[in-house]
Amino acid sequence: MFEEKIENIKRASLYRTMKYLQSPQCDRVRIAGRDILMLSSNSYLGLCADDRLKKAAKMAIDQYGVGSGGSRLITGSYEIHQKLEEEIAAFKNTEAALIFNTGYMANVGVISAIADESWTIFSDRLNHASIIDGCRLSGAKIVVYSHCDPSDLEEKVKAHPCGEKGLIVTDGLFSVDGDIAPLPQLVEIARRYSLLLMVDEAHATGVLGRHGGGTADYFRLADGIDISVGTFSKALASEGGFVAGRRALIDYLANTARSFIFSTALSPVTIAVSRAALDIVKTEPQRRETLLAHAAWFRSQLMEAGFTVADHPTPIISVGLGAPEPALKFSSLLMEQGIFANAIRPPTVPAGTSRLRINLMATHDRKDLERALRHIEETGQKLGVIQS
Ligand SMILES: *Cc1c(COP(=O)(O)O)cnc(C)c1O
């Protein structure tokens with residue numbers, strides 16, 4: 001039964017395998033004994049092997065040991081969990097914050113705690129799977145609006161009146177095309193129709209905005225976002241999710257979100273690493289600046305070479321290839337050249353929109369990126385994606 005299912009997945013070029021790293025996840029990594037240029041990491045600021053983070057982890061081990069020993073409401077809350085929550089609240093300009101074990105668990109827990117069968121959730125068509133799962137788990141009526149389209153959203157809000165039992169939910173920075181949600185317009189609509197607005201800043205935290213606060217910071221929105229979700233697992237090079245908002249909301253979530261309540265707390269070691277990373281985000285804006293400069297330059301080079309590239313001011317660069325086969329072939333030819341760039345295929349993206357996704361890092365070396373561009377261009381010509 002499963003053999004047959006697997007065969008079908010392979011025939012459709014949708015089979016996925018894991019690649020095992022033998023080094024820290026820096027701009028270059030070691031895989032199967034080879035030195036590989038990493039163009040697929042979510043560690044945008046290049047902090048996975050940062051000495052300050054490693055030191056924070058070692059000090060936390062000495063002070064607290066390793067495991068947390070219990071769930072947050074029983075025995076797993078340590079002073080540093082509380083400190084990190086205060087720091088996140090200050091960073092996000094909210095009254096309070098709550099840490100979840102992962103961003104996935106934050107989305108699932110928050111949405112299912114807030115909404116029930118009597119609610120309506122308006123969800124962007126390209127929202128992350130964890131948002132979709134949270135919506136489904138809540139039992140609410142789910143109304144999907146066209147991607148980043150405020151007028152379609154408003155039409156759907158009008159067509160599905162829900163009093164105050166309505167939630168708009170969106171990714172801030174979408175991980176597939178690297179585009180940014182139109183937050184100012186979403187805030188307007190949420191206000192006009194008395195709906196809650198929830199933004200998932202997973203890819204944007206530490207990357208976008210003057211203070212690295214994410215897409216809300218990018219648009220310089222002082223308020224209007226009721227629920228801000230994020231993760232420590234991407235630019236912050238640690239693990240864990242969080243939600244920031246008003247104190248009453250956070251208290252309510254700590255008492256009702258099942259993925260918060262029924263899971264062992266993150267280790268103090270992980271928390272210490274997140275705190276150290278957040279400190280770097282606050283004090284080293286040059287990392288974001290370098291990252292975004294790399295991205296603008298790399299994008300323009302790809303466009304000049306003739307690739308179909310989504311144009312956004314973010315470090316996620318999506319090269320459209322259509323069917324899954326050329327995307328997969330492209331990725332494996334690059335790997336032969338020592339370049340790790342992932343093929344993104346269904347079900348992560350809709351059929352016919354497979355692509356090569358390149359994530360840049362602040363610590364990438366321009367010479368390495370130039371070499372990557374040469375190989376990407378050659379491979380694109382070989383596969384007939386661009387003309388020579
Ligand atoms: C990665 C991601 C998550 C999940 O975060 P984890 O901490 O990896 O579980 C949630 N939402 C979005 C938009 C993401 O990109």
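Whatever order the structure lists ligands and atoms in, that order sets their numbers, starting from 1. The basis for the numbers below is simple: all heavy atoms, side chains too, and nothing from hydrogens, waters or symmetry mates. Note that the structure is a prediction, hence the values are computed from the model and not measured.
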May I ask you to list the atoms of ligand 1 that are less than 4.0 angstrom from any heavy atom of [X]?
X      : value
Ser130 : 10 (C), 11 (N)
Asp171 : 13 (C)
Ala202 : 2 (C), 11 (N), 12 (C), 13 (C), 14 (C), 15 (O)

Protein heavy-atom partner closest to [atom] - residue, atom, separation in Å:
atom                    : result
atom 5 (O) of ligand 1  : Gly103 CA, 3.4 Å
atom 8 (O) of ligand 1  : Ser233 OG, 3.3 Å
atom 11 (N) of ligand 1 : Asp200 OD2, 2.5 Å
atom 4 (C) of ligand 1  : Tyr104 N, 3.5 Å
atom 14 (C) of ligand 1 : Lys234 NZ, 2.8 Å

Original post:
Does the pair His147 and Asp179 meet the rule for a side-chain hydrogen bond (donor to acceptor under 3.5 Å, both in side chains), with working shown?
Top reply: CA-CA 10 Å; His147 177 55; Asp179 52 340; 2.5 Å; yes
Original post:
Charged N to carboxylate O under 4.0 angstrom, Arg191 versus Asp226?
Top reply: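 Between Asp226 and Arg191 there is no salt bridge, as every charged N stays at least 4.0 Å from the carboxylate O atoms.
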**OP:** Kindly assign one of parallel, tilted or perpendicular to the pair Tyr64 and Tyr78, based on the angle between their ring planes and the thresholds 30° and 60°.
**Re:**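 Ring orientation of Tyr64 relative to Tyr78: perpendicular.
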Original post:
Can you tell me if Gly241 has a non-hydrogen atom under 4.0 Å from ligand 1?
Top reply: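 False for this residue.
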Side chain, backbone, both or neither: the part of [X] lying under 4.0 Å from ligand 1 by heavy atom:
X      : answer
Thr102 : both
His203 : side chain
Asn107 : side chain

**OP:** Kindly confirm or rule out a cation-pi arrangement of Lys234 over Tyr44, judged by NZ or CZ under 6.0 Å from the six-membered ring centre and within 45° of its axis?
**Re:**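 No.
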Original post:
Can the positive tip of Lys156 be found less than 6.0 Å from the middle of the six-membered ring of Tyr145, inside 45° of the ring normal?
Top reply: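 The answer is no, since Lys156 fails at least one limit relative to Tyr145.
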Original post:
Is it true that a side-chain atom of Asn255 and a backbone atom of Asp251 form a donor plus acceptor pair closer than 3.5 Å?
Top reply: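 The answer is yes, because a donor-acceptor pair under 3.5 Å joins these two groups.
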Original post:
Do Asn359 and Ser40 pass the side-chain hydrogen bond (donor to acceptor under 3.5 Å, both in side chains) test, and can you show the C-alpha distance, the side-chain angles, and the key distance before you say yes or no?
Top reply: CA-CA 5 Å; Asn359 288 4; Ser40 285; over 6 Å; no
**OP:** Would you check if there is a donor-acceptor pair between the side chains of Thr120 and Lys141 at a distance under 3.5 Å?
**Re:**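 Side-chain D/A pair, Lys141 to Thr120: absent.
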